[in-house]
Amino acid sequence: MQRSLSIALAMVISLELGVPPNAAAQAGLNVAFLPKQINNSYFDVAATGAMHAASELGGQFKQVGPSQATGAAQLPFIQDLTAQDVDAIVVSAADPEAIAPALNAARQAGIKVVGYDSSPAQGAFDVFVNQADTRDIGQELVRMACDEAPGCSGDIAVLSATPRATNQNAWIDVMKQTLTNPQYAGLNLVDVVYGNDDDLTSQEQTLALLQAHPDLQVIVSPTTIGVVSAAKVLENTGESGVVQLTGLGTPNSMRGYVEDGTIKELALWNVENLGYLAYYVAAKLVSGEIKGNPGEAFSVPILGDYTIGANAEVVMGPPQVFTADNIDQFNF
Ligand code: RAM
């Protein structure tokens, strides 16, 4: 009786404060986000969601990171955050193995480590928040390439991010497996190149693809930076509509290219929600509500219920496809 009264009272107080009733305030909570690189608006959008979660929980948020997406460049940030004794580091791995020892040193020091977007090596994190199922993303990339290649046949190439990125490499692996399916027998993956999530390098690599493969039908770019760079090059070289483009991109950065027909379909997920969910997972690890064990269930305001799966992975939801018909409904 006493107990249910105090729960009811707590709910009233939190409702009065405008805080969701299931978002227990964690005063002093100190969570740091470390993206692959800071000069990538994808991670700024995720940070917006993380800040939203921080304000709901009464916690602190900060984002630090390098301007080049490499493991070596991420290392000093992990070491600094460990020395600062933050409660949790939420990291998108530019190189899963290179940062694993530093992440494990942080964990030994009592810091919770959450991977988001691009997973650190197995065993070097408490939970990995995946934006969507890796298999779904890789299969969707092939489906879109097939849609765009006339008669679902001809040469296709991938313009990726960095050569060591866990997420892009996993998606490309699924693409390769998916392409062995008889329904895609007409598609021929002729090249995979890396623009390092840098606009100029991605443009150079796109140009190199066009020169090396005169019969190229489709460029698939599973990176929000690369897909914009490739669209620019196709427009500037007059190849828009001749060589097709698809991949993963934010609606706001690709809207103009969808409207002018340079790209007809692309996919992504709600990036803001990814940051929001990753912050909540970090908070729940810090409070001890979850430990990161497969089978643990938890609930997050706005988004709903999740269960930790194999390899301590939480999957946010299915990818969203954008076309000229729906892109105006999305603003991120
Ligand atoms: C870039 C980064 C990020 C990836 C998106 C799709 O912003 O490489 O890791 O998830 O593209």
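Ligands are counted one by one from 1 in listed order, and the atoms in each one are counted from 1 as well. Both backbone and side-chain heavy atoms feed into the values below; hydrogens, waters and symmetry mates do not.
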**OP:** Give every residue pair that meets the side-chain hydrogen bond (donor to acceptor under 3.5 Å, both in side chains) criterion with at least one member in residues 67-88, sequence neighbours excluded.
**Re:** Lys62-Gln84
Original post:
To the nearest 0.1 Å, how far is atom 11 (O) of ligand 1 from its closest protein heavy atom, and which atom is that?
Top reply: Thr224 N, 2.9 Å
Subject >> Region of Asn167 engaging ligand 1 - heavy atom pairs below 4.0 Å >> reply: side chain
Original post:
Hey, is Tyr116 one of the residues with a heavy atom under 4.0 angstrom from ligand 1?
Top reply: no
**OP:** Determine whether any heavy atom of Asp197 lies closer than 4.0 Å to an atom of ligand 1.
**Re:** yes
Original post:
Given Asp117, Asn196, Val228, Asn40, which one has a non-hydrogen atom that is nearest to atom 10 (O) of ligand 1?
Top reply: Asp117
Original post:
Under 3.5 Å between some N or O of ligand 1 and some N or O of Gln168?
Top reply: yes
If the cut-off is 4.0 Å to any non-hydrogen atom of [X], which atoms of ligand 1 fall inside it?
{"X": "Trp171", "result": "10 (O)"}
{"X": "Gln131", "result": "10 (O)"}
{"X": "Lys36", "result": "2 (C), 3 (C), 8 (O), 9 (O)"}

Does the [X] side chain pair with the main chain of [Y], one donor and one acceptor, at a distance under 3.5 Å?
{"X": "Gln168", "Y": "Pro222", "result": "yes"}
{"X": "Thr246", "Y": "Glu265", "result": "yes"}
{"X": "Asn169", "Y": "Pro163", "result": "yes"}

**OP:** Check whether Leu216 and Val218 end up in the same hydrophobic cluster, where Ile, Leu, Val, Met, Phe, Trp and Tyr are linked by side-chain heavy atoms less than 4.5 Å apart.
**Re:** yes
Subject >> Derivation of the side-chain contact (heavy atoms from CB on, under 4.5 Å) call for Asn273 and Leu303 >> reply: CA-CA 8 Å; Asn273 285 353; Leu303 299 183; 3.5 Å; yes
Original post:
Relative to each other, are the rings of Tyr279 and Phe61 parallel, tilted or perpendicular (30° and 60° limits)?
Top reply: tilted
